[in-house]
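Counting starts at 1 for both ligands and their atoms, in listed order. Note that the coordinates shown come from a computational prediction; the quantities given were computed from them, not determined experimentally. Computed from heavy atoms alone, side chains included, the values below leave out hydrogens, waters and symmetry copies.
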Amino acid sequence: MLPNIPLLGFAAYSGTGKTTLLEALLPKLTQRGLRVGALKHAHHDFDIDKPGKDSYRLRKAGANQMVIASHLRYAKITETPENEAEFATLLQQFDIEHLDIILVEGCKNIAFPKIELHRESVGKPWLYPHDDSIIAVASDQPLSATSHQLTYLNINDIDAIATFVTEYVKPQVSAPLEKQKQSGSCDTEHQHQSLSVNAAIKRITDSLTPVSGTESVPLNHAQHRTISDVVTSSINVPAFCNSAMDGYAIRSADIEHTEFKVVANVLAGHHYSECIQSGQAVKIMTGAPLPEGADTVIMREQAQEENGMVRFPNAAIKAGQNVRQPGEDLQIGQTVFESGQQIGSAELGMLAALGLDSVNVKRRLKVAVFSTGDEVFEPGNHPSAHGLFDANRYSLKGLLTRLHCDVLDMGILPDNLAVITDSLTDMAKHVDLIVTSGGVSVGDADFVKQAMESTGQVNFWRINMRPGRPLAFGRIKDTPIFGLPGNPVAAMVSFINFVEPAVYKMQGDLTWQPLKTQAKAVEKMRSRQGRTEFSRGIYTVNPQGQLTVSTTGHQGSGLLHSMSQANCLIEIAEQVDTIKPGEYVTIIPLQGRI
Ligand code: AMP
Ligand code: MG
């Protein structure tokens, strides 16, 4: 798959001066602070090192991959005699963390955004009429009037081309949330907007604010809560100078002495009340306070104690070693936690280490969960001939419980507009968030959407994703509501993508980000271009220590079993249609989340 970084190609017939233009352009881009990668595709056989050079000799002797490095640069040369490397594989060689854009010279026949370079004097035809991936032309000849949708640049105006590239790199800021529309006034176009997953997440989270209520909870009940007020340390941690080892404390001025008189034995929690004198040592345990005058500890394993005297025959002693200084971990007045910090095990320990027995936290989020549909029945009842059991309410309650919300189970609503409208309006007064499933597609009984429309606001989006294309997000009165799709897998995948970030934001955690990483595909994976595919996957670590991933098999959006077999979602980006075995793909690990 292609790396997640702006790519821009330069397409032209040979003789147009691609490399010369890029050479002039690069300094202008770096001056503007861009970090640029360059990929050059050559049609002929090329070699980059010379006969006689060490790297050349090793390569010719049979090294299939050769890395040569010095303190200034390194290069990797990979021989690909059988199969030319794919475009995606070449791009994966870049360390995109240190780049803002990759400029590509050549690769004319691959579909990715390009600038066409054209010079009248070269006498070749235009490329853009036959290539949809051309987004701009740089030429010394004006364009025809029909190609007005292309950006036109003067090929001799390098500054203008640099400006175009800089603008192109700027993150695509999604359009601000249109002013929310009041009851019934939504225009159809807005209701049926098609949105990318990330644009939808941004719109949702931008429109939400953290709950304002806070409470003080005892430390024993603070796990998974979100800190509401900055926590500063009122003490030094550690509070006093103490030993980091079981051993012997001495004065550093005595390092050259060969023998010391052991004058005391101090256990943790106790202390030696006198000042240590020259030539003396105090036997000391980890965590015990250093006696006055002592500043260095030699570990027990390096000591030989006999008849009240101790020697350290082979120890290379450094002044101040093995001693923990007061405030080394935290100092009085230091900020320990910001507001929005989630309290996990480490934070519980840290709060306790500060001597606190309670902490101010955001109040818990109250979330109501409804299912909808005449065909949906409560488990435990007799199966109906035309119905199915309610899976969604249970998986959604599970997901919300994982997020430590107070969950209100509101049961199943029939496909009846009045009942749905009344129930949602009533519930909106009591909770921070409502989550429903079913009734948001474009079927005849899709009443959740209509209820939202008549009582608050609705944004009905077709998300460019599968599963989970329809998503309704809006408000009932002022309470935010998610109308998730009815298909059980779609409901869960939509929850993970949209509800989870919304809940974190409302809980006051403004820095939360979902864990995503890359794994090597072990099978071919397909998706439709223009749509993000979330396949259920199983990742493992191969013997080389790399993450590898396969799908759970057939990916129907009603197959809830696949969600249970999976330990990750495989995210196949919008611009990709096929992942080949051996290529990297993004995975979203599900441990701890579902
Ligand atoms: P809908 O979004 O209401 O058109 O439903 C889409 C599909 O999901 C239909 O096949 C429904 O029967 C199914 N479905 C809806 N709600 C649930 C539920 N709570 N549990 C399991 N399946 C459901
Ligand atoms: Mg339904």
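- Under the side chain to side chain contact (heavy atoms under 4.5 Å, CB included) criterion, Leu559 pairs with His554, Ser562, not counting sequence neighbours.
- Protein heavy atom in closest approach to atom 1 (P) of ligand 1: Gly439 N, 3.8 Å.
- With respect to atom 17 (C) of ligand 1, the closest heavy atom belonging to the protein is Asn392 ND2, 3.3 Å.
- At a heavy-atom cutoff of 4.0 Å, ligand 1 is contacted by no atom of Ile412, backbone or side chain.
- Protein heavy atom nearest atom 2 (O) of ligand 1, with residue, atom name and distance: Gly486 N, 3.1 Å.
- For the residue pair Ser133 and Lys114, a side-chain donor N or O sits within less than 3.5 Å of a side-chain acceptor on the partner.
- Considering Arg225, Arg363, Lys362 in turn, Arg225 is the only one that fulfils the salt bridge (charged side-chain N to carboxylate O under 4.0 Å, His left out) rule with Glu215.
- For the pair Asp100 (side chain) and Arg35 (backbone), a donor-acceptor distance under 3.5 Å is present.
- Nearest protein heavy-atom contact of atom 11 (C) of ligand 1 is Glu375 OE2, 3.1 Å.
- Annotation: atom 10 (O) of ligand 1 to nearest protein heavy atom, Asn487 OD1, 4.4 Å.
- For Asn464, the side chain to side chain contact (heavy atoms under 4.5 Å, CB included) criterion is met by Ser194, Glu574, not counting sequence neighbours.
- Using a 4.0 angstrom heavy-atom cutoff, Pro488 counts as in contact with ligand 1.
- At a 3.5 angstrom cut-off on N or O pairs, Arg393 does not count as close to ligand 1.
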